[in-house]
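First the proteins, then the strands, lettered A, B, ... as listed; each starts at 1.
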Number of protein chains: 2
Amino acid sequence: MANIREIAKIAGVSVATVSRVLNGYPYVKEEKRNAVWEAVEKLNYTKNINAVHLAKGKTSIIGVVLPYVNHPYFSTIVEGISIEALRYGYHLLLFQTNYEEKKEIEALEMLKMKQVDGMIICSRTLGWKFIEAYKEYGPIVLCEDVKGRDLLSVYINHYEAFMLGMEYLIEKGHRKIGYCIGRTTGTNSKDREAAYRDALRKINESPRQEWIFDHCLYIEDGKRVVNELLAMREKPTALLVSSDQVAAGIVLWGQSAGWRIPEDLAILSFDNHPISEALQITTMDLPLSIMGKKAFRMIYHSFQNNETVKAEKLEVRLIERSSV
Amino acid sequence: MANIREIAKIAGVSVATVSRVLNGYPYVKEEKRNAVWEAVEKLNYTKNINAVHLAKGKTSIIGVVLPYVNHPYFSTIVEGISIEALRYGYHLLLFQTNYEEKKEIEALEMLKMKQVDGMIICSRTLGWKFIEAYKEYGPIVLCEDVKGRDLLSVYINHYEAFMLGMEYLIEKGHRKIGYCIGRTTGTNSKDREAAYRDALRKINESPRQEWIFDHCLYIEDGKRVVNELLAMREKPTALLVSSDQVAAGIVLWGQSAGWRIPEDLAILSFDNHPISEALQITTMDLPLSIMGKKAFRMIYHSFQNNETVKAEKLEVRLIERSSV
DNA sequence: GATTGCATTGAAACGCATTTCATACATTAT
DNA sequence: ATAATGTATGAAATGCGTTTCAATGCAATC
C-alpha cells in the first residue's frame with residue numbers, strides 16, 4: 001500500500017503538504033491541493049491509521065469494560081455509550097471480562113499502552129486501588145458510586161433505589177421480603193444489601209439468608225428462584241428483584257406453578273425494560289442508556305479539559321404496575 | 001512516558017535486545033534479560049501499542065458491524081464472537097450502524113486503514129459490490145448466505161428455517177398465516193419472504209399485505225402488532241415471528257386482550273431465546289452464539305492462511321412448545 | 001523604497017517498536 | 001586442527017503520518 005511519501009512524489013509536493021491537504025488545513029495552493037487528491041485517487045491511498053495513532057498519541061477509541069455483552073442491563077448502557085461516541089467521532093473497544101480480574105487488568109493495561117484514550121467501566125470486580133493506579137493514563141469513568149474517590153463516575157444510588165423499593169413493599173403491607181441479585185460483591189450490590197438490611201431493621205425484621213438469591217441475571221434464573229421458593233416451608237411474600245429479566249422469569253414460572261402475582265408473591269424489580277411493561281411488573285426505572293451517554297460525555301469533556309463534574313447521580317423513579 | 005530506547009540505555013543493551021526480552025525471544029543472556037526487566041520496572045514502562053501496530057502492520061482487533069447492540073439477536077452473536085476472540089487474544093471494535101450506509105462504509109474504511117485486521121458483519125444494508133471491494137484489505141465474514149459470492153460467510157438458511165416453520169403451521173391446520181419481520185430488506189429477510197410466499201403458494205393461498213408486519217424487533221413491537229390485529233376485520237390464525245422478543249410481546253399483549261394462545265392466534269417464532277421457554281413459545285432454535293464463534297474462527301483461520309471453508313451453514317431445529 | 005505580515009512550502013525531527021543483517025564468540029562435529 | 005553450528009548482540013532500516021521550524025514569495029502599509 002502506498003504511503004504519504006509516494007503521494008508526495010507523484011503530486012510533486014512535500015509530505016507536509018500532503019498531510020495538510022489530507023487534513024484540510026489551509027495555506028495550500030489550489031493546484032497542489034488538486035494534485036494531491038489526484039495522486040490519492042490514482043494510488044487508491046488511505047491513511048494508515050496506526051501511524052496516525054502513533055504520531056498523535058491518541059486513538060479516538062474508548063474502552064468499554066463489562067462482564068457480559070449479552071445482558072440487557074449492559075447492552076443498554078453500551079447502546080447509550082455507542083450513540084454518543086458516534087456523534088463525537090469515537091469508536092468503542094469492547095472488553096468482556098466475565099468478572100475475571102485478569103481480564104479487567106488487561107483492559108486497564110490497554111489504557112496505559114494507549115490503545116484507548118479513555119475507559120468506561122460498566123461493572124468490575126477489581127479493587128479501587130488498582131483502578132486508581134491507571135487514571136494517570138487517561139480518564140476512567142465508572143458506572144457506580146465511587147464514594148468520594150478521585151475517579152469519574154455516573155451512577156444510580158442503589159441504596160436509595162432499593163430503599164425506595166423496600167419502603168414501597170412495606171407500605172403495601174409486606175414484612176417477609178427477600179431479594180434477588182446478580183452478585184453479592186460490587187458497590188452496587190453492597191449498597192442494595194445495606195438498604196435491604198436497613199429497611200428490615202426499621203420494621204424489626206431480621207434478614208433471612210435463604211430469601212437472598214444470588215447469581216440472578218437472566219430470565220432463566222427466575223426459574224431457579226421459583227423452584228427454590230417452591231421447596232421452602234416458609235416463603236417471603238414479596239421479592240425485590242434487581243433485574244427485570246429475572247423478575248419476568250419469576251413471574252412466568254411462578255404463574256405456571258399456579259401462583260397469582262402479587263397475591264401469592266409480590267415482585268418489585270429494576271430497570272424498566274420493556275419486558276416489565278409487557279408483564280405489568282412494577283419496576284424502578286433506571287436510566288441506563290442515559291448513563292452510557294453521560295459516561296461518554298464525561299470522558300469527552302475531560303479531553304477538552306474543561307472543569308468536569310467528577311460524579312453525577314442519576315435519578316430513578318418507581319413505575320407502579322400490578323406485580324405488587 | 002518512557003520508550004524502548006530509554007530502557008535500552010538504562011539496561012545497557014541495544015533496543016533490539018530490549019525488544020527480544022519484551023517479546024520473550026531466545027538468545028539473550030540471563031543477566032541482560034534481568035537488566036532489561038529491572039529497567040522496565042524502574043521506569044514503569046509499557047509498550048506503546050500503536051507503535052507495535054504500525055511496525056507489525058496488524059492490530060489483533062476485529063471489527064464487528066451491527067445495527068443495534070441492544071438487541072438480543074445481535075448481542076448474542078457478539079457474545080459468541082467475544083468469547084472466541086478473547087481465547088485467541090483478539091479484541092473487538094464495535095461499529096453500531098443503525099443500518100446507515102455511511103456508517104457501514106466508515107466501518108469498512110477502518111479495515112482499509114488497518115484499524116482492524118478483519119471484519120464481521122452481523123447485518124448490513126450496503127450492497128455486495130461495496131463489501132467485496134474491501135475484501136482485499138482483510139477477511140470479511142458475513143452472517144448471512146452470500147449465495148456463492150466470494151466472501152466468507154457463516155449463516156442460517158432462513159429460507160429453509162422459515163419454510164420449516166410454515167410447514168409446521170400448515171400441518172397444524174393453519175392457512176391464514178402472517179408474519180413479523182425486523183425489516184424487509186436484507187438477504188435474510190428476502191429469503192424469509194420468499195419462503196413465506198412459496199409456502200402459501202403450495203396451499204393455494206395468496207399472501208396478504210396487511211398480515212405482514214415490518215419493523216418488528218423488540219418486545220414492545222409486539223404491542224403494536226396486537227393493536228393492528230385487533231383493528232382487523234379478518235385476522236390470520238397464525239403468525240410466524242422472526243424474533244422471540246416480538247413473539248413474547250404478541251403473546252403477552254394478546255393475552256391481556258383476552259386471546260388464548262394458540263387457539264385464537266398461534267405463534268411460531270425464531271431464536272430460542274430463554275424468553276420463549278418462559279412463555280412456552282414454540283420457536284426455531286438459531287445457534288447465534290455459535291454463529292459468532294464460527295465467524296471469528298473463520299477470520300482467524302484466514303490469518304493462518306489455512307485453506308478455509310468459505311461458507312458454513314448452521315442448522316436450526318424446531319422447539320415444540322405450546323404456542324402453536 | 002523600506003517594512004510588516006500573511007500565504008506557501010519543504011526539510012527534518014518526532015512518535016516507537018520490530019526486524020533484518022552483520023558481527024563476534026563459543027561449541028561441536030569432522 | 002578446521003569447518004560447521006549455534007548463541008548472543010547491536011546498528012540501522014522499516015512502518016508512516018504529524019508537526020515544528022525556517023525560508024521564500026508577494027502584497028499591503030508607511
Side-chain angles (χ1 to χ4, degrees), chain A residues 1-37 39-40 43-61 89 109-117 137-138, chain B residues 1-37 39-40 43-61 89 109-117 137-138:
Chain A
M1 271 287 289
N3 62 34
I4 208 178
R5 275 156 243 270
E6 288 186 55
I7 300 291
K9 200 177 298 173
I10 295 191
V13 299
S14 70
V15 295
T17 298
V18 176
S19 180
R20 282 187 198 103
V21 174
L22 259 27
N23 296 296
Y25 294 146
Y27 303 144
V28 178
K29 279 257 178 67
E30 193 62 19
E31 50 192 276
K32 301 218 174 192
R33 197 176 288 281
N34 293 147
V36 169
W37 283 123
V40 165
L43 298 189
N44 183 26
Y45 167 81
T46 303
K47 283 185 193 179
N48 179 324
I49 208 159
N50 296 130
V52 178
H53 290 341
L54 175 60
K56 291 207 165 165
K58 65 187 209 82
T59 58
S60 295
I61 298 177
E109 278 294 315
M110 287 298 162
L111 187 60
K112 189 175 179 190
M113 293 198 216
K114 295 170 181 288
Q115 165 76 265
V116 297
D117 296 344
Y137 305 112
Chain B
M1 269 286 289
N3 62 33
I4 208 177
R5 272 155 248 272
E6 287 187 55
I7 300 291
K9 200 177 297 171
I10 294 191
V13 298
S14 71
V15 294
T17 297
V18 176
S19 181
R20 282 188 197 101
V21 174
L22 258 28
N23 295 296
Y25 294 144
Y27 303 145
V28 179
K29 279 256 178 66
E30 193 62 18
E31 50 193 277
K32 302 218 176 195
R33 197 176 288 280
N34 293 146
V36 169
W37 283 123
V40 165
L43 297 190
N44 182 26
Y45 168 81
T46 303
K47 283 185 197 181
N48 180 324
I49 209 160
N50 296 130
V52 177
H53 290 341
L54 175 60
K56 291 207 165 167
K58 64 187 210 83
T59 59
S60 295
I61 298 177
E109 278 294 315
M110 288 297 160
L111 187 60
K112 190 174 178 191
M113 293 198 213
K114 296 171 182 285
Q115 164 77 265
V116 297
D117 296 344
Y137 306 111

Inter-end axis angle, the helix from C:dG1-D:dC30 to C:dT30-D:dA1, with every axis fitted to five base pairs (rounded, 10 degrees): 40°
Interface with DNA chain C, restricted to residues 18-31 of chain B and to heavy atoms under 4.0 Å: B:Ser19, B:Asn23, B:Tyr25
With sequence neighbours excluded, residues passing side chain to side chain donor-acceptor pair (under 3.5 Å) with B:Tyr45: none
Side-chain heavy-atom pair A:Leu22, A:Val40 within 4.5 angstrom cut-off: yes
Under 3.5 Å, which donor-acceptor pairs do the side chains of residues 25-34 of chain B form with other protein atoms, sequence neighbours left out?
from	atom 1	to	atom 2	distance (Å)
B:Arg33	NH2	B:Tyr25	O	3.1

Side chain to side chain donor-acceptor pair (under 3.5 Å) partners for B:Asn3, two or more places apart: none
Closest contact, heavy atoms only, B:Thr59 versus B:Lys114: CG2-O, 3.3 Å
Nucleotide interval of DNA chain C bounded by contacts with chain A (heavy-atom cut-off, under 4.0 Å): C:dA7 to C:dC16
CZ-OG distance between B:Arg5 and B:Ser14, expressed to the nearest 0.5 angstrom: 10.5 Å
Distance in Å, A:Ile49 CD1 paired with B:Leu111 CG, rounded so as to fall on 0.5 Å steps: 12.0 Å
Residues within residues 45-60 of chain A bordering DNA chain D, heavy-atom distance below 4.0 Å: A:Tyr45, A:Lys47, A:Asn48, A:Ala51, A:Val52, A:Ala55
Outermost DNA chain D nucleotides near chain B [under 4.0 Å, heavy atoms]: D:dT7 to D:dC16
Polar contact flag, side-chain donor to acceptor under 3.5 angstrom, B:Asn50-A:Lys56: no
Qualifying residues under side chain to side chain donor-acceptor pair (under 3.5 Å), relative to A:Glu6, sequence neighbours excluded: none
Minimum-distance pair of heavy atoms, taken over all atoms of B:Val15 and B:Ala8: N-CB, 3.8 Å
Upstream residue (5' side of DNA chain C) when A:Gly12 and A:Lys114 are each assigned their closest nucleotide: A:Gly12
Closest heavy-atom pair and its distance - A:Ala51, B:Leu54: CB-CD1, 3.9 Å
Side chains of A:Val36 and A:Arg20 in contact at under 4.5 Å (non-hydrogen atoms): no
Partners meeting side chain to side chain contact (heavy atoms under 4.5 Å, CB included) with A:Ala39 (sequence neighbours left out): A:Ile7, A:Ile10, A:Ala11
Nearest non-hydrogen partners of B:Gln115 and B:Ile61, listed with the distance: O-CB, 4.0 Å
Rounded distance [0.5 Å steps], OH in B:Tyr137 versus CD in B:Glu109: 8.0 Å
